[in-house]
Amino acid sequence: MAETTQIEEIKPPVTDVGVIGWLRQHLFNGLFNSIATILILGFLIKLIPQFIQWAFIDSVWFTSGQECHQAAGACWSVITQNIRFTIFGYFPYEHQWRPLVAMIILVGMLVYSREWNRWNKRLGYAWIFALLVMGLLMKGGLFGLVPVESTKWSGLPLTLLLSFFGILASYPLGVVLALGRQSQMPIIKSLCVVYIEMIRGVPLITMLFMSSVMFPLFLPEGVTIDKVLRAQAAIILFTAAYIAEVVRGGLQAMDRGQYEAAESLGLNYFQMMRMIILPQALKIVIPPTVGILISAFKDTSLVVIIALYDILNTTKSILSEPEWTGFSTEAYIFIAMIYYVCCFSMSKYSRRIEKQLEYKHTPNQE
Amino acid sequence: MSTEQTSSQSPPAEGKPIIEIIGMHKWFDDFHVLKDINLEVRPKEKIVVCGPSGSGKSTVIRCINRLEEHQRGQIIVNGTELTRDLKNIERVRTEVGMVFQHFNLFPHLTILDNLTVGPIWVRKMPKKEAEELAMHYLEIVKIPEQAQKYPGQVSGGQQQRVAIARSLCMKPKIMLFDEPTSALDPEMIKEVLDVMVDLAREGMTMIVVTHEMGFAKEVADRVIFMDYGEIVEENEPFEFFDNPQHDRTKLFLSQIL
């Protein structure tokens, strides 16, 4: 008898696992959540079909502005018909392949660099070479490429240019400022404190205005500095101050013992910072740093006010044409998608590098 | 630890003092932490410093490699006086190894890299040579198999042995130990003390802040007792433990033994 009474394997109650279990746990676990779930569902049911009707069923994609005005749905033609101006702006029409290639190189290099273990000297040289090529493509003047004034640089390439160099240059500058603020030397320390606090006390718009309107007044007669360069400098100086404060937080989070161990080995200040302190401190502050870099990316759209045509401004100027007025929703959805793709990639990118830098831990024995 | 072995097994101290502390005072703000400290340490001498917490014993050895600054008096290490001069401080630090209570290993570097960072950057040693040196010292502290792991992956006792090996890689003339076993679980204390005893037998000059009285009896040439920032008593270990002179010493010993 004993061998026949096998204990049956009992399945867990159907209400706890599978689809029903999941629904119970995540959507209907309590009165408040159940009500919220039902309300949101109702809202979505009303909204989504309408949106689909507008965006896809009634929409027009490749028509002129006139036909758009007759259509009931979305007018995506505002994007498709003006895509080249939106993306490349005033860059000479027949040479627009050059910024396109430059952007492809940039994205390619970024994608290749996503693995931390590929970051070595050779990659550094590759980047320098790639940047030179990109600069040449944009500027021209060599190898039979027609020179293009930087005032003609606009659209997405300008946005990417301002953001990329803004991030690239403001990060090290911010680190230096953070170290300066921690310095024992009173002059360096107070210079850094004054700089950081002053910059953080004014909006970016002010900085851009000063760089484009006030700064030239101080230059001697006949000397001009490129407008894009001035905007770029303003963005760099602005972002660096914010980076500096985040990095300072990382430095302060470091255990005093790390400094002492490094010092007692005889490492000098720069060796200690480079080998021991900064690698740990900068890693701690990757999440807030990326937050700042993402907002710096979005802030580049403020160059509108000094009459640079970034991608947001090129879109605006299309919308101001009589043929396309009234289609700002469609155009801005498109721009929002571009911004979203860029920002989301930055955030993913940084998560990836953060993961790769994670050092292994077992719970501490204290 | 076995206490049958006596300090006579480690080589005797010799020659002129390698560390001289003359009339040293130190304040933390208004608080007078160290009062008129005088101490001479000769090469190969092993000194144990003990005393109640807050007595300033750690501060003394932290002054010897300038992790703390003293305000009055002189500290001369291996012929170099410690002043504000950064060159001197760096020179002293390369001659003096330090082991901390909380190990202070670099968590972002492998154990091997923890050991080679000093030789490569301070001693300008080629990487390969530094790694051989590091493996040599990892064998001395008996954990060569952990070289590629990170500090967070090994036990506390092993971490402290790595920390000792890291200091030894700089080939220091003097080793300072700041309560090296206080943060360890009891079963790990012995493995660290064993390494320190071996080091003493090799003739290293050592100043050890510790409450491990067995260790003091086994290797110390002198035991120094500190209280309220002063050196209260100084004697050979057996004399110190069996026949303490000062009331405060007697009280302290009665509390810890």
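A, B, ... follow the sequence lines: proteins, then strands. Residue 1 opens every chain. Everything numeric here is computed off the predicted structure, so don't read it as measured data.
- A salt bridge links B:Arg62 with A:Glu260: the closest approach of a Lys/Arg side-chain nitrogen to an acidic carboxylate oxygen falls below 4.0 angstrom.
- Geometrically, A:Arg352 does not engage A:Tyr349 in a cation-pi contact, judged by NZ or CZ lying under 6.0 Å from the ring centre and within 45° of the ring axis.
- Counting heavy-atom pairs under 4.5 Å between each of B:Leu176, B:Leu184, B:Val117 and chain A puts B:Val117 at the top.
- Although no hydrogens or angles enter the test, the distance criterion places no donor-acceptor pair under 3.5 Å between the side chain of B:Glu129 and the main chain of B:Pro126.
- Looking at B:Leu105, only its backbone comes within 4.5 Å of chain A, counting heavy atoms on both sides.
- For B:Phe100, the part lying under 4.5 angstrom from a heavy atom of chain A is the side chain only.
- For the set B:Glu90, B:Glu95, B:Met98, B:Arg123, the count of heavy-atom pairs under 4.5 angstrom toward chain A peaks at B:Glu90.
- When the options A:Ile243, A:Leu237, A:Leu168 are evaluated for a side-chain contact (heavy atoms from CB on, under 4.5 Å) with A:Leu173, the one that passes is A:Leu237.
- Interface residue A:Glu263: backbone and side-chain heavy atoms are both found under 4.5 Å from chain B.
- Checking B:Ser58 against B:Asp178 by side-chain atom types alone, a donor-acceptor pair falls below 3.5 Å.
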